[in-house]
Amino acid sequence: MSPATTGTFLLTVYTIFSKVHSDRNVYPSAGVLFVHVLEREYFKGEFPPYPKPGEISNDPITFNTNLMGYPDRPGWLRYIQRTPYSDGVLYGSPTAENVGKPTIIEITAYNRRTFETARHNLIINIMSAEDFPLPYQAEFFIKNMNVEEMLASEVLGDFLGAVKNVWQPERLNAINITSALDRGGRVPLPINDMKEGVYVMVGADVPFSSCLREVENPQNQLRCSQEMEPVITCDKKFRTQFYIDWCKISLVDKTKQVSTYQEVIRGEGILPDGGEYKPPSDSLKSRDYYTDFLITLAVPSAVALVLFLILAYIMCCRREGVEKRNMQTPDIQLVHHSAIQKSTKELRDMSKNREIAWPLSTLPVFHPVTGEIMPPLHADNYESTNMPLMQTQQNLPHQTQIPQPQTTGKWYP
């Protein structure tokens, strides 16, 4: 890294836990990227059994960070740890609202093998910056980097050095770093070593160079609309290590920004300012709700009663009767209906008593051989339910015997 890059990089705050078992104080500047590395090697000595000097221990360790007294971190502070076997990183850009207010971050380390925990506090004292905010800010989208890779001091220093060679400012600071996933990007497929992408915002005190302005010309804007790579002359200074999507570069000139504040004009749809909310006092008079209860209960009950009486009158008092119905029905239809009712009644009566004599239509009337009329074959007290429908020849009287062949060859009548 060149001396110029090193001098620029000093404005970016990097801290690493020391071996002293106490709270750590850091002093980042508002508007300047803050990076704090949580080293696993430091916390390994916190978990029993304590490793001996020179002994290698590779327990999985994860971290949990939160603002003291709150379940999460401040809004400007982010945390990332890719795997339990990698270091955790706190990063973000402090805001001017927190200047002079110490921010205490509780760091809890979990040993995933022994389930031991260790806790330390990180006290962040945000300092004000004289040149905050820098008037010219540019945001680059780097496609071939993940956020934890970009937060490494060497990688970020190389990127700031490349930007300084293109921009040529006197002061150059890294303002913020954001993962593409936090901007709505998609998780890349796990093929071909694809990266998530990262947005890096830098600020300088001089206007943008002509190379950075090339993306604003109509030809490059047309190529970007057609999803083609724009032609940027200084892209080769980044291409060796960083693949920049020039269509997503953002150039912000703070000196030309006009205040968008407008005085609110009271009118329709805008309520007047009522001041602070004043809750009612405790000396309120008690109110009797008995009358309201009766009204609420009596009115629906009365309506329901009226509807019930109307329905009862219609169903009970407005019936025409059977006689009027029969008078309006044709005689032939009444005869058919009466016949059906009689037949149905007879079948139901028969089904109740199955001990009666069988109908004559189901009995043999004539002798199958002589043709004589046969009397009934069963008495009245005979159980007809067990009698077969058709009589066999052995049971019939006056049956003529058919000669049967004998084994001796003689025939007998």
Side-chain angles (χ1 to χ4, degrees), residues 1-14 29 31-35 91-93 129-180 183 185 195-257:
M1 205 183 319
S2 63
T5 304
T6 305
T8 304
F9 178 67
L10 290 177
L11 295 176
T12 304
V13 179
Y14 275 82
S29 298
V32 179
L33 179 64
F34 165 73
V35 180
Y91 66 99
S93 181
E130 297 179 356
D131 52 354
F132 174 80
L134 292 173
Y136 302 97
Q137 299 178 3
E139 187 177 53
F140 300 86
F141 177 62
I142 305 174
K143 298 185 291 184
N144 64 326
M145 288 286 176
N146 289 333
V147 62
E148 71 275 7
E149 298 173 348
M150 197 66 198
L151 290 172
S153 58
E154 299 82 4
V155 178
L156 185 57
D158 294 342
F159 179 75
L160 293 177
V163 174
K164 188 170 185 179
N165 292 334
V166 174
W167 202 338
Q168 297 297 328
E170 294 183 4
R171 295 193 302 272
L172 180 68
N173 293 342
I175 298 177
N176 201 1
I177 291 180
T178 308
S179 173
R183 297 284 189 89
K195 305 294 184 179
E196 299 171 355
V198 60
Y199 290 88
V200 182
M201 177 176 286
V202 298
D205 57 346
V206 297
F208 305 108
S209 63
S210 58
C211 175
L212 299 178
R213 292 285 188 182
E214 289 178 1
V215 72
E216 297 180 349
N217 61 52
Q219 292 79 9
N220 286 331
Q221 291 294 323
L222 179 61
R223 294 177 67 89
C224 289
S225 63
Q226 298 175 351
E227 298 184 356
M228 299 174 61
E229 289 287 341
V231 179
I232 307 296
T233 57
C234 58
D235 180 60
K236 58 184 179 181
K237 297 183 179 180
F238 297 91
R239 184 66 63 173
T240 57
Q241 189 175 0
F242 307 100
Y243 294 163
I244 297 178
D245 188 348
W246 292 99
C247 292
K248 293 184 179 180
I249 189 174
S250 175
L251 305 178
V252 179
D253 188 354
K254 296 286 187 179
T255 60
K256 295 182 180 180
Q257 288 186 352

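As the structure is a prediction and not an experimental result, all values here were calculated from the model.
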- May I ask you to check whether Phe140 and Phe159 place their ring centres under 6.0 Å from each other? yes
Do side-chain atoms of [X] reach the backbone of [Y] as a donor and acceptor pair under 3.5 angstrom?
{"X": "Asp245", "Y": "Phe141", "answer": "no"}
{"X": "Asp205", "Y": "Pro169", "answer": "no"}
{"X": "Asn144", "Y": "Tyr243", "answer": "yes"}
{"X": "Asp253", "Y": "Thr255", "answer": "yes"}

- Item | Side-chain donor-acceptor contact under 3.5 Å, Asp235 with Trp246 | yes
- Item | Pair Val231-Arg223, side chain to side chain contact (heavy atoms under 4.5 Å, CB included): steps then yes or no | CA-CA 9 Å; Val231 179; Arg223 294 177 67 89; 4.2 Å; yes
- Nearest 0.5 Å please: distance from the CD1 atom of Ile232 over to the CZ atom of Arg239. 10.5 Å
- One should read off an interatomic distance between Asn146 CG and Glu196 CD, to the nearest 0.5 angstrom, of 4.5 Å
- Step-by-step side chain to side chain contact (heavy atoms under 4.5 Å, CB included) determination, Leu156 to Ile177: CA-CA 10 Å; Leu156 185 57; Ile177 291 180; 4.1 Å; yes
- Query: With Glu229, which residues qualify under side-chain contact (heavy atoms from CB on, under 4.5 Å), at least two apart?
  - Reply: Lys143
- Message: Does atom CD (Gln226) have a neighbourhood of more than 12 heavy atoms from anything else shown, all under 6.0 Å?
- Response: yes
- Task: Take Phe238 and Ile142 through the test side chain to side chain contact (heavy atoms under 4.5 Å, CB included) and record every step on the way to the result.
- Result: CA-CA 10 Å; Phe238 297 91; Ile142 305 174; over 6 Å; no
